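Working notes, structure below.
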Amino acid sequence: MGVFASTASTAHAQSDDKATDSKGSPAPPPSSSPPPRGSLLPNPQDDAAPSTPSPPAAGSVDPAADQRELEAQGRQRPVADGLVGSRSQDVYSEDWFSRIRPVLELHGYFRTRGELFHNFALGRHDGANNALWPQPIDNSFVPVGGNANAVSLGLCGSNPNVAESCQDKTQATANMRFRINPELHISDNLRIMAQIDMLDNLVLGSTPDAYAMQPGSGSNGYVRSGGNPYAPIALFSNTQGPPTAGVNGWRNSIDVKRAWGEYMTPVGQIRFGRMPHHWGLGMMWNSGDNIDADYHSTIDRIMFTSGIKALDLYFGGSWDFVSSGPTNANAYSVYGGQPYNTGNLTNVNQWSLFVARRTNPELQRLQLSRNQVVINGGLYAVYRSQYLDLAGNNGVTETPWTFGSGANSGTNNGLERRNAQIFIPDAWVQILFKKFRFEAEFASVWGNIERAPNAAGNNASDTKVRQYGLTTQTEFKAIEDKLRLNLGFGWASGDPWQDSLQPQTGPNAFNSGNGPVSTFRMNPAYNVDLIFFRRILSRVEGAYYFRPSVEYDFLRSPGGQKFGGNAAVIWSRASEFVQSPGHNRDLGLELNLSLYYQAKDGALNDDPDKLGGFFAMLQYGVFFPLGGLNYLPNITSANTPGISDWSTSSAHTIRLFMGIVY
């Protein structure tokens with residue numbers, strides 16, 4: 001698929017370049033090491049006298065003689081005059097700067113996105129607790145339950161002295177992110193990697209100098225901190241300040257999200273630290289490295305990868321740190337010391353094994369040119385367990401960061417028995433033939449929770465976990481790869497003991513012991529549309545979809561420049577009809593349209609199938625809700641005062657994306 005598919009909302013849903021992650025997940029070791037660099041010492045052959053061009057035959061004219069002499073002159077070293085170059089150990093400046101260690105490489109991107117959401121509540125009248133999408137705060141509406149819970153903003157109208165209700169179903173926003181992925185290459189087999197985000201998804205205009213906050217008293221959380229006499233209201237704001245947690249926002253300007261090391265031994269590669277986690281199509285674990293991604297999978301692990309290069313076969317395993325429970329860190333830890341885990345039985349332990357076949361890219365291109373079938377694939381297996389846990393959903397307010405404050409120290413030291421085990425197998429396969437690609441990923445979550453918490457203070461015994469997910473991608477390229485036809489399919493198992501597609505809290509989260517927890521949720525970075533799954537539900541969960549699409553490059557340059565468009569239709573249905581609000585499997589039909597442009601910016605994007613330099617796209621999406629998102633008859637017949645229209649209506653979105661990849 002083209003560059004657009006790896007940058008639009010269908011990033012990991014229609015892209016094959018993330019089948020295995022080259023940085024933080026099971027992947028072929030060769031891609032994890034930089035190209036070998038030579039010795040700092042010049043080649044002894046460089047000291048040899050340059051060859052002299054052969055003179056032309058007598059009586060003949062050689063028009064290339066001057067050019068040959070210039071080329072031979074350029075290969076010569078300075079004469080051995082005792083100043084430089086008299087010894088083979090002498091290093092010339094161009095050799096030194098091309099071979100110096102360590103080498104720091106900077107990669108990443110900068111992006112700015114403007115988005116408009118219209119009627120994402122789908123015309124429904126749900127209250128805040130059970131709304132698929134919360135109403136805009138400047139919209140007056142009557143929720144189910146009557147006028148007693150009505151939200152009325154009598155602030156609009158042409159006459160400020162006459163109260164008129166504000167009506168606004170549209171929300172407009174813009175955000176930005178500057179991502180840096182530094183790579184410190186210490187030697188040919190040793191490097192340190194990291195990921196740093198600046199102004200990560202910062203909402204444009206959200207840190208004006210008119211506002212500041214401070215901790216409130218009691219349970220008030222944060223309250224407004226005085227006022228700026230030079231900007232007493234937002235209308236007089238003069239500048240934007242850097243995001244500072246607890247002052248003008250909830251996070252700081254810089255987030256260090258990942259840092260890990262890689263060492264290539266003679267028998268395999270060792271990775272250790274906090275790194276991206278990606279496998280297959282990204283349905284279960286998705287690194288979120290796509291330029292348009294909002295979510296990601298990051299894992300703390302120690303991992304070893306090896307393989308048989310001649311067979312393109314790779315295998316390995318890891319010890320993962322999912323959750324350590326409480327530590328002894330406190331506010332004074334910023335001055336030094338080493339915090340540590342205070343109890344092993346509260347750890348969420350995880351171990352993984354994988355085996356995969358990934359054909360060498362050069363060999364793969366050769367086989368496809370010879371009309372041979374290429375098959376890649378693998379199996380990734382994860383085992384996770386936890387014995388004790390912090391007491392949850394029982395009125396306990398402690399967290400791993402506040403544990404030991406005395407909130408519940410008298411009852412089993414604030415802990416409760418969990419004794420849970422989960423096994424997660426994930427299989428991935430890719431079949432290539434000429435211009436055809438079929439790719440699929442299947443995963444299941446199979447386990448048991450001996451004691452799941454509930455709101456009543458008791459424990460539901462032996463709660464089982466039975467979840468299944470499947471996604472497929474079928475692609476065909478034609479007309480010099482300008483035309484790409486795709487068919488995507490995905491299925492996430494549902495839960496017949498739940499009455500909502502969204503996650504529940506308290507005893508409902510574990511079905512109160514009535515049956516296994518069965519709602520499968522795909523990774524939120526695995527995007528297949530613009531509105532319903534991506535925004536309203538935030539991910540594919542408890543549903544299945546069909547996604548035919550077509551993409552065409554109107555202009556396509558071998559140097560990387562391209563201009564094209566994309567159209568996709570997504571039909572979504574509930575896996576279990578009882579989870580949809582209207583108890584109907586049909587959830588909705590969505591149409592997505594896109595135009596995209598990529599500039600020709602040199603070696604970064606000398607391949608039009610790779611993203612580099614300046615990239616922009618304009619997208620439009622419309623979602624038509626179907627019977628599964630309607631109200632049940634017993635709700636519409638209740639004759640709620642203030643509600644006369646119980647029908648749903650379509651949602652729309654417009655997105656403008658601009659980015660620079662380096």
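These numbers come from a predicted model, not from an experiment.
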**Study point:** Set of residues satisfying side-chain contact (heavy atoms from CB on, under 4.5 Å) with respect to N139, sequence neighbours excluded
**Key:** Q135, P136, F141, Q167, K169

Revision key, fill the gap. With sequence neighbours left out, the residues meeting ring-ring contact (aromatic ring centres under 6.0 Å, His included) with F563 are F554

Review point. Should V382 and W279 count as side-chain neighbours, where that means a heavy-atom distance under 4.5 Å?
Key: no

Exercise for review: Could you tell me whether the side chain of E590 and the main chain of I531 form a donor-acceptor pair under 3.5 Å?
Suggested key: yes

Review point. Is a donor on one side and an acceptor on the other found under 3.5 Å between the side chain of N584 and the backbone of D586?
Key: yes

Exercise for review: Locate the shortest heavy-atom distance separating I299 from P276; write the atom from each residue and the value.
Suggested key: CG2-O, 4.5 Å

Point to revise | Heavy-atom side-chain contact between N119 and H652 under 4.5 Å | key: no

Review point. So, N523 side chain and A525 main chain: donor-acceptor pair closer than 3.5 Å or not?
Key: yes

Exercise for review: With sequence neighbours excluded, tell me which residues meet ring-ring contact (aromatic ring centres under 6.0 Å, His included) with W571.
Suggested key: F546

Check your understanding: Going by distance alone, is a donor N or O of one side chain under 3.5 Å from an acceptor N or O of the other, for R437 and Q473?
Key -> yes

Review point. Do the non-hydrogen side-chain atoms of T648 and R124 ever get within less than 4.5 Å of each other?
Key: yes

**Study point:** Side-chain donor or acceptor of R585 paired with backbone N/O of S575 under 3.5 Å
**Key:** yes

Point to revise | Rounded distance (nearest 0.5 Å) linking atom NZ of K477 with atom CG of N486 | key: 9.5 Å

Practice item. Grab the two heavy atoms, one from N286 and one from G282, that are nearest each other, plus how far apart they are. Key: ND2-O, 3.2 Å

Study note, to complete from the structure: The reported gap from CD1 in I570 to CG in L587 (rounded to nearest 0.5 angstrom) is 13.0 Å

Review point. Do you see a donor-acceptor pair shorter than 3.5 Å between the side chains of Y596 and E551?
Key: yes

Point to revise | Expected output: side-chain Q579 to main-chain D499 donor-acceptor under 3.5 Å | key: no

**Study point:** Least distance between heavy atoms, A443 atom then F520 atom
**Key:** O-CE1, 4.3 Å

Check your understanding: So, W497 versus E576: side-chain donor-acceptor pair below 3.5 Å or not?
Key -> no

Check your understanding: Distance-only, no hydrogens or angles: does the E441 side chain make a donor-acceptor pair with backbone N or O of L281 under 3.5 Å?
Key -> yes

Practice item. Could you grab the distance from atom NZ of K257 to atom NE2 of H296, nearest 0.5 Å is fine? Key: 4.5 Å

**Study point:** Closest non-hydrogen atom pair, L132 against Q502
**Key:** O-NE2, 3.5 Å

Check your understanding: Is the closest side-chain heavy-atom distance between I424 and W285 below 4.5 Å?
Key -> yes

Review point. Hey, are D294 and R534 close enough for a salt bridge, meaning a charged N less than 4.0 Å from a carboxylate O?
Key: yes

Exercise for review: For the pair Y544 (side chain) and L470 (backbone), establish whether a donor and an acceptor sit closer than 3.5 Å, ignoring hydrogens and angles.
Suggested key: no

Check your understanding: So which heavy atom on V528 is nearest to which on F533, and how close?
Key -> CG2-CD1, 3.8 Å

Point to revise | Flag, side chain of D495 to backbone of S518, donor-acceptor distance under 3.5 Å | key: yes

Practice item. Start with the C-alpha distance between I660 and F178, add both sets of side-chain angles, then the distance that settles side-chain contact (heavy atoms from CB on, under 4.5 Å), and finish with yes or no. Key: CA-CA 10 Å; I660 299 174; F178 181 27; over 6 Å; no

Review point. If you measure from CG on N566 to CZ on R484, what distance do you get to the nearest 0.5 Å?
Key: 8.5 Å

**Study point:** Presence of salt bridge, R535 and E115, under 4.0 angstrom
**Key:** yes

Practice item. Under the ring-ring contact (aromatic ring centres under 6.0 Å, His included) rule, collect the residues that match up with F110, sequence neighbours excluded. Key: none

Study note, to complete from the structure: The reported gap from CZ in R179 to CG in D255 (rounded to nearest 0.5 angstrom) is 10.0 Å

**Study point:** F623/S572 under side-chain contact (heavy atoms from CB on, under 4.5 Å): CA gap, chis, key distance, verdict
**Key:** CA-CA 10 Å; F623 176 76; S572 54; 4.3 Å; yes

Check your understanding: So W250 and Y222, would you call those rings parallel, tilted or perpendicular, with 30° and 60° as cut-offs?
Key -> perpendicular

Check your understanding: Quick one: does Y468's side chain get under 4.5 Å of W446's, heavy atoms only?
Key -> yes

Review point. Between W133 and F117, does a side-chain contact (heavy atoms from CB on, under 4.5 Å) hold up when you go through it step by step?
Key: CA-CA 11 Å; W133 183 272; F117 308 147; 3.9 Å; yes

Review point. What residue among Q619, R655, R111 forms side chain to side chain donor-acceptor pair (under 3.5 Å) with D292?
Key: R655

Study note, to complete from the structure: In this structure, CZ of R113 is separated from CE of M176 (nearest 0.5 Å) by 11.5 Å

Exercise for review: Look at the side chain of S140 and the backbone N and O of L153, then say whether any donor-acceptor pair between them is shorter than 3.5 Å.
Suggested key: yes

Check your understanding: Under the side-chain contact (heavy atoms from CB on, under 4.5 Å) test, which residues partner Q421, sequence neighbours left out?
Key -> Y383, S385, N419

Exercise for review: Please tell me if the side chains of I449 and V517 come closer than 4.5 Å, counting only heavy atoms from C-beta onward.
Suggested key: no

Point to revise | Nearest atoms (heavy-atom pairs only) where S580 meets A574 | key: CB-CB, 4.3 Å

Practice item. Quick one: list whatever passes ring-ring contact (aromatic ring centres under 6.0 Å, His included) with F436, sequence neighbours left out. Key: none

Practice item. Using the side-chain contact (heavy atoms from CB on, under 4.5 Å) rule, take I643 and Y631 through it: C-alpha gap first, then chi angles, then the decisive distance, then the call. Key: CA-CA 13 Å; I643 300 179; Y631 290 100; over 6 Å; no

Practice item. Return yes if some donor-acceptor pair links the side-chain N/O of Q350 with the main-chain N/O of R384 below 3.5 Å, else return no. Key: no

Check your understanding: Is the closest side-chain heavy-atom distance between E541 and P503 below 4.5 Å?
Key -> yes

Exercise for review: Check whether any side-chain heavy atom of Y597 lies under 4.5 Å from a side-chain heavy atom of L618, and answer yes or no.
Suggested key: no

Exercise for review: Find out whether the Lys NZ or Arg CZ of R177 is both under 6.0 angstrom from the six-membered ring centre of Y109 and within 45° of the ring's axis.
Suggested key: no

